[in-house]
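These notes concern the structure reproduced below.
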Amino acid sequence: MQAITTTKTATALHISGAEAIIRCLLAEGADTIFGYPGGAIMPVYDALYDFREELHHVLTRHEQGAVHMAQGYARASNRVGVCLATSGPGAANLITGIADAQIDSTPIVCITGQVARHLLGTDAFQETDVMGISMPVTKWNFQVTTAEEIPEAIAKAFYLARSGRPGPVLVDITKNAQVEKFDFAYTPCTNVRSYVAKPKIDPEAIASAAAAINEAERPLVIFGQGVTLAAAEEELKQFVEKGNLPAIGTLLGHSALPTDHTHYAGMPGMHGTYAANKLTNECDVLIAIGMRFDDRVTGNLEYYAKQAKVIHLELDPAEIDKNVVADIPVLGDCKESMACIAPLLHPRPRKPWFGKFKELDQMEEEKVRQGELHPTEGALTMGEVIDKMNQVTQGNAVIVTDVGQHQMVAWRYGDFKLDKSHITSGGLGTMGFALPAAIGAKLGAEDRQVIAVIGDGGFQMTLQELGTIMQTKVPVKILILNNEFLGMVRQWQQLFFDKRYSSTEMDNPDFVTIAKGYGIEGQRVTERDKLPEALQTFLSHPDAYLLEVAVGKENNVFPMVPTGASVSDVRLE
C-alpha cells in the first residue's frame with residue numbers, strides 16, 4: 001500500500017480482524033450498512049451482533065440490491081455508502097452496482113469476504129478473483145490478507161471514496177484476517193502520496209473565465225452532478241444570478257438548481273428540452289460546470305457547440321479536453337471556482353437571449369407538453385402522472401428513477417425545488433436500480449418523502465427487495481408506470497427499425513398482489529378520473545405503498561435527438 005498520512009493514533013485494543021472492521025466503520029461515522037451474509041464474511045457478521053445498537057445493518061435480498069442501496073444512501077445524504085458481501089457469487093453480484101457508482105462518481109465502500117490466505121489461487125469453494133474483476137470499475141481496490149492491514153486499508157478506502165472526484169472502493173478481506181487477533185488502533189487517512197484530491201485553482205484561469213463571460217452576448221451554463229458532489233448548489237445560484245446566465249442541467253445534475261428558478265432553462269441531451277439543445281449550438285460562451293460532456297448530452301461531437309468559447313470548471317483533470325476541447329479550463333473544486341469567478345462577473349440584461357429560450361420553449365409546449373401533460377382522451381400518459389404527482393409533492397420529494405422512458409419523463413416533468421432530489425442511474429443506465437436505491441435514499445434522508453418511479457421492466461429486475469421493505473418497514477413509495485413494453489427500446493424499434501418489436505412486449509404479473517404478499521398495500525389505476533385520488537392515497541399512506549398506473553403502450557418521449565445527430569437536429573415529433 002502507498003504511504004498515508006494519519007492523525008494521532010488511539011489507544012490499542014487486542015481484538016479480532018472482524019471486530020476491527022466494525023470499529024473502523026464506526027470510526028468513519030457509518031451508521032447504516034447494507035449487506036447479505038455468507039461463509040467468507042461470517043466472522044464480520046458475528047462481530048456485528050455485538051454492535052447492533054451502534055451500526056444498523058439492512059439485510060437485503062440480493063447483493064446487487066445492497067450496493068444500489070448504498071448508492072441511494074450516498075446520493076441522498078452526501079455521505080459514504082457501505083455494503084458487505086461474501087466471496088465468490090456474493091462479491092460478483094456487487095459488480096453491476098460498483099460499475100454504476102464508478103461512472104456516476106458515487107462514494108461507496110464495498111467490503112467483501114474472501115477465502116483464507118492459504119487457499120488463494122486454488123479455486124477453493126466460492127473463491128473468485130474479485131480484485132481482477134473489480135479493478136476496472138473501482139477508484140481503488142485492495143486485498144487484505146492479515147488482520148494488521150485492516151485499519152489502514154479501511155481508512156484509505158473511506159478517504160479515497162469521498163475525496164476528490166468520489167467513487168467506489170472495494171476492500172477484499174480474507175477469512176483468516178477476519179479471525180486473527182491483533183492490537184487495534186484506528187487513525188483516519190488524510191492524504192495519499194501522489195494523489196491530488198483537489199487541484200490548486202489558477203487565478204489566471206479564473207480571470208480569463210470571468211472576462212469571457214462578461215464579454216458574452218449569449219452565454220450558457222451547463223451544470224452536472226459535480227455541483228451536487230461539491231455541495232455547491234448555493235454557489236451555482238449565486239453564479240448564475242450574478243452573471244445573469246441561463247443554466248441547463250444534465251440528467252445527474254438535475255435538482256442542483258431548482259426547476260422553478262428564474263435562470264433555469266431546461267435540460268440538454270437526447271431527451272432534453274428543445275430550447276436547451278437548439279441554443280447550445282447558438283451560444284457564444286458555454287460554461288460547463290462539474291460535467292463530463294457525455295455522448296447523451298452532446299450528440300455528434302463534430303457539430304457540438306463549435307461556435308462557442310468553452311469554459312470548463314472541472315475537478316478531474318482527465319475530463320478536461322476528453323470529449324470537448326476547453327478554451328479556458330478551470331481545474332479545481334467547482335464550489336471554490338464558482339465562488340472565485342462570481343464576484344468578477346458584471347451582469348448584463350441579455351433580454352433577447354433569454355427571449356429565445358422562451359420562444360423555443362413555447363414551441364415545445366404546444367407540440368409536446370400539452371398533449372403529454374393534459375390529454376383529454378385515450379390512455380393515461382407518463383407525463384400527466386408525473387404532473388399530477390407534482391401537485392401533491394409540491395416539488396419537495398426525492399424522486400429515484402430507474403432506466404427507460406419513465407426516467408426521461410420524470411426528469412423532464414418532475415418538479416425539484418430542493419437539492420439532492422433527483423437520483424438515477426446515469427452513465428451505466430442500470431435497470432433495476434430504482435427500488436433498492438430508493439430504500440437506501442430513504443434511510444439516508446429519513447425526513448424526506450422518497451418516491452421510486454419505475455417501469456414494469458426494471459421493477460422486475462430487483463422486485464425481491466420488497467422483502468427488504470417488509471423487514472425494515474422503510475416507508476418508501478413505489479410508482480410503477482406500466483406500458484407493458486420495454487418502452488425505450490420499443491420507441492427506437494418504432495422510429496428506426498420499422499416497428500419490428502422484437503422481444504420488447506412484456507406479459508406482466510399482478511404487481512399489486514405481489515406487493516401485498518410482502519405486506520405492502522397498493523392499487524392499480526387505469527382511468528384518468530381515478531388518478532388524483534390514487535396519488536393522494538399513495539403519498540399520504542404512512543407506510544410503504546405501491547401504485548401501478550397503466551399508461552399508453554406505444555407513447556413516445558419527445559423531444560429526441562436521434563443517435564449520431566447534432567443536438568440542433570432535436571425532433572419534436
Side-chain angles (χ1 to χ4, degrees), residues 1-4 21 24 34-36 38 40-41 44 63-64 66-68 70-71 74 80-117 119-124 126-146 149-178 189 191-197 229 292 294 315-319 322 425-430 433:
M1 293 175 62
Q2 292 179 324
I4 62 177
I21 293 168
C24 289
F34 308 90
Y36 199 94
I41 197 72
V44 176
E63 291 87 357
Q64 184 176 342
V67 67
H68 288 327
Q71 288 178 272
V80 178
V82 182
C83 62
L84 302 179
T86 192
S87 63
N93 283 339
L94 295 178
I95 296 301
T96 296
I98 292 172
D100 193 287
Q102 171 78 340
I103 200 165
D104 283 354
S105 302
T106 304
I108 59 173
V109 170
C110 304
I111 297 174
T112 54
Q114 184 55 275
V115 299
R117 179 175 54 181
L119 292 174
L120 290 172
T122 68
D123 292 332
Q126 291 192 335
E127 180 193 1
T128 298
D129 181 12
V130 68
M131 301 304 292
I133 294 171
S134 65
M135 186 174 291
V137 293
T138 49
K139 187 175 179 181
W140 180 71
N141 67 1
F142 185 75
Q143 187 170 72
V144 170
T145 58
T146 65
E149 295 174 297
I150 288 171
E152 188 176 357
I154 293 182
K156 185 175 179 182
F158 273 87
Y159 174 70
L160 290 175
R162 67 162 67 100
S163 66
R165 181 177 181 173
V169 171
L170 183 142
V171 181
D172 192 47
I173 305 177
T174 58
K175 196 167 185 179
N176 64 284
Q178 298 172 46
C189 177
N191 184 59
V192 174
R193 188 178 62 202
S194 302
Y195 170 69
V196 180
L229 294 173
R292 59 189 179 84
D294 175 78
L315 180 70
D316 186 355
E319 294 297 341
K322 186 176 80 174
S425 172
L428 197 65
T430 305
F433 172 87

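Because the structure is predicted, anything quoted here is derived from the model rather than measured. Just so you know, residue 1 is the first one in the sequence shown, and it goes up from there.
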Original post:
To the nearest 0.5 Å, what is the distance between CG (Leu160) and OG1 (Thr138)?
Top reply: 10.5 Å
**OP:** Tell me yes or no: between the side chains of Asn176 and Thr174, is some donor less than 3.5 Å from an acceptor?
**Re:** yes
Original post:
Nearest heavy-atom pair of Pro107 and Ser105: which atoms, and what distance?
Top reply: CD-O, 3.8 Å
Original post:
Shortest non-hydrogen contact from Gln126 to Gln114?
Top reply: O-OE1, 4.4 Å
Original post:
Going from CG on Asp100 to CD1 on Ile95, what distance comes out if it is rounded to the nearest 0.5 angstrom?
Top reply: 12.5 Å
**OP:** Would you indicate whether the side-chain heavy atoms of Ile41 and Thr112 approach each other to under 4.5 Å?
**Re:** no
Original post:
Which pair of non-hydrogen atoms, one from Gly97 and one from Val67, has the smallest distance, and what is that distance?
Top reply: CA-CG1, 3.5 Å
Subject >> Point-to-point distance, once rounded to the nearest 0.5 Å, from CE of Met131 to CG of Leu170 >> reply: 6.5 Å
Subject >> Approximate separation, where rounding is to 0.5 Å, of Cys83 SG and Ile98 CD1 >> reply: 6.5 Å
Subject >> Shortest non-hydrogen contact from Leu94 toward Cys110 >> reply: CD1-CB, 4.2 Å
Original post:
Between Gln178 (side chain) and Ile173 (backbone), is there a donor-acceptor pair under 3.5 Å?
Top reply: yes
Original post:
Could you give the distance from CD1 (Ile21) to CD1 (Ile111), rounded to the nearest 0.5 Å?
Top reply: 6.0 Å
**OP:** Indicate the atoms forming the closest heavy-atom contact of Asp104 with Gly426, along with that distance.
**Re:** OD2-N, 2.8 Å
**OP:** Nearest 0.5 Å please: distance from the CD1 atom of Ile108 over to the NZ atom of Lys139.
**Re:** 12.5 Å
Original post:
Side chains of Val144 and Val171: does their closest heavy-atom pair fall under 4.5 Å?
Top reply: yes
Original post:
So, does Glu149 use its side chain to make a donor-acceptor pair with the main chain of Thr145 at under 3.5 Å?
Top reply: yes
Subject >> Closest contact, heavy atoms only, Leu119 versus Glu127 >> reply: O-OE1, 3.4 Å
Original post:
Any sub-3.5 Å donor-acceptor pair from Thr86's side-chain atoms to Ala40's backbone N or O?
Top reply: yes
**OP:** Would you mind reporting whether Lys156 and Phe142 have side-chain heavy atoms less than 4.5 Å apart?
**Re:** no
**OP:** May I ask you to test the Thr430-His68 pair for a side-chain heavy-atom distance under 4.5 Å?
**Re:** yes
